[in-house]
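Remember, predicted model here, so these are calculated numbers, not experimental data. Order of listing sets the numbers, starting from 1, for every ligand and every atom in it.
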Amino acid sequence: MESKRSVLLIYTGGTVGMVKDMETGHLAPFDFNNLESQIPEIKQIEARVEAISFEKPIDSSNMDLEHWTRLAGIIKNNYEKYDGFVVLHGSDTMAYTASALSFMCYNLSKPIILTGSQLPIGVVRTDGKENIITAIDIASAYEGSRPMVPEVSIYFENLLYRGNRTYKYNAEHFEAFRSPNYPVLAEAGVNIKYNREYIFRSSPEPFETDTRMNNRVAVLSLFPGISEHIVRAALTIRENKVLIIRTYGSGNAMTHRWFIDGIKNAIDSGLLVVNVSQCRGGGVTQGRYETSYELARMGVISGGDMLLEAAITKSMHLLGKGLDGSEFKRNFQQNLKGEITV
Ligand code: ASP
């Protein structure tokens, strides 16, 4: 008989791991050494589950490059010991962490699934139990020696998404995530239905991480009437390397002379300017309209159908690797981890 698959549960913080402290009545992280007392159903899962927790669990609004590095390190150090990984994470910045991890991990051959919940595990109507149990189920799902989903993904409310294709779109619904530009990887109903044609194959190469990240990245969101001063300030931040401009529709921006000249000067002085649309579905096609033609001509880098979360973390990753100029541009527009349609 095949031995049981093993899953490492990594608790970073967020609502999911909270229970009511009996003395104070406040919500506080529960002790992960007593995982089974909170989720007795874990005992019935076909996999062996072990858990570790960040020493100080955090609300995911406090996630930082250092936490991503720590997380990638935990996975790397335990990679050979487990068949899959489930990362419990606050939903607020989960899409950023999933994107960052996807760029940091090379040659994946095991599932890394992020999940969390809108309601704490210690609340009767929690969505956390189902999310955790099914995420463990998927993380330990193998067909012979092949894992079903060797990717960095997010599981939330019955759906499994490619992590770097997601954003959090709802602060109220249990179904909190969307992946507008890539199909779901799996759907959990009575059975778990895997959409195999959209899932990466395992890499035969040895697993590696590259956790170098550089946060000299800024985002400028356009809106009608935005002031010249604000735009100029964003284009001339001395410490900055990449400016992501959130444009309209298929990548359009105003054609005012001061705007075009400002971008041109910034690019000439070495700033990498990236075009990502404010529309979450679809993407940037520079040159379709007059209002984006100029941007393309000046060397603004198209983000294609990448989401902002993926564009920010990809920029950090490429800068972290020391890429600049045309090397950055070439890599940024390439499909590295399934984050962009090319
Ligand atoms: N603020 C919480 C967090 O992101 C919300 C959640 O856990 O879903 O950590």
Side-chain angles (χ1 to χ4, degrees), residues 8-21 24-32 34-35 38-39 42 51-72 74-75 85-102 104 112-136 138-139 152-180 184 188 213 215 219 280 307-310 312-313 316:
L8 181 63
L9 203 60
I10 307 166
Y11 179 56
T12 66
T15 302
V16 66
M18 303 275 173
V19 286
K20 221 178 220 160
D21 185 304
T24 64
H26 300 312
L27 285 172
F30 76 84
D31 177 1
F32 266 75
N34 296 325
L35 189 64
Q38 287 305 324
I39 319 176
I42 288 219
I52 55 170
S53 167
F54 271 16
E55 207 170 301
K56 278 205 191 98
I58 55 165
D59 185 292
S60 77
S61 308
N62 285 320
M63 266 292 153
D64 214 333
L65 274 62
E66 186 226 321
H67 298 109
W68 292 340
T69 303
R70 200 181 311 161
L71 201 46
I74 292 174
I75 293 170
F85 300 86
V86 171
V87 178
L88 301 183
H89 193 290
S91 60
D92 289 350
T93 64
M94 189 184 290
Y96 291 89
T97 298
S99 299
L101 274 182
S102 77
M104 288 174 158
I112 300 175
I113 305 177
L114 285 87
T115 194
S117 65
Q118 296 279 53
L119 283 177
I121 200 97
V123 166
V124 180
R125 287 182 53 248
T126 187
D127 50 329
K129 276 193 189 181
E130 195 283 325
N131 283 348
I132 296 177
I133 289 166
T134 307
I136 294 172
I138 298 174
V152 179
S153 59
I154 286 184
Y155 179 77
F156 228 87
E157 190 64 7
N158 302 328
L159 296 174
L160 185 77
Y161 310 91
R162 174 164 295 163
N164 57 29
R165 287 293 199 159
T166 61
Y167 71 100
K168 183 175 179 181
Y169 96 106
N170 203 302
E172 168 77 21
H173 292 170
F174 285 155
E175 191 205 331
F177 288 87
R178 285 268 154 97
S179 167
V184 294
M213 284 273 197
N215 65 357
V219 179
R280 297 304 215 149
L307 294 175
L308 181 67
E309 291 78 351
I312 290 175
T313 48
M316 290 179 172

Between His89 and Val16, is the side chain to side chain contact (heavy atoms under 4.5 Å, CB included) condition met? List the steps. CA-CA 7 Å; His89 193 290; Val16 66; over 6 Å; no

Open item on the list: The test is side chain to side chain contact (heavy atoms under 4.5 Å, CB included); show your working for Glu130 and Phe174 and say whether it passes.
Closed with: CA-CA 11 Å; Glu130 195 283 325; Phe174 285 155; over 6 Å; no

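Each of the following atoms of ligand 1 lies closer than 4.0 Å to a heavy atom of Gly14: 7 (O), 9 (O). Heavy-atom contacts of Asp59 reach the following atoms of ligand 1: 1 (N), 2 (C), 3 (C), 4 (O), 9 (O) (cutoff under 4.0 Å). Within ligand 1, the atoms closer than 4.0 Å to a non-hydrogen atom of Thr15 are 2 (C), 5 (C), 6 (C), 7 (O), 8 (O), numbered from 1 in the order shown. Per-residue contacts place Ser117 under 4.0 angstrom from the following atoms of ligand 1 (heavy atoms of the residue considered): 8 (O).
The side-chain contact (heavy atoms from CB on, under 4.5 Å) search around Pro57 returns Tyr11, Pro29, Ser53, not counting sequence neighbours.
Residue contacts with ligand 1: Ser60 is placed with a nitrogen or oxygen under 3.5 Å of a nitrogen or oxygen of the ligand (distance criterion only). The distance criterion of under 3.5 Å between nitrogen or oxygen atoms is met by Asp92 with respect to ligand 1. Considering backbone and side-chain N/O of Ser91, one or more are found under 3.5 Å from N/O of ligand 1.
Within the structure, salt bridge (Lys or Arg N to Asp or Glu O under 4.0 Å) contacts touching residues 54-69 (residues at least two apart or in different chains) are Glu66-Arg70.
The two atoms that bring Thr313 and Tyr96 nearest to each other are CG2-O, 3.6 Å, heavy atoms only.
Using bins of under 30°, 30° to 60° and over 60° for the plane-to-plane angle, the ring pair Phe54/His67 lands in the parallel bin.
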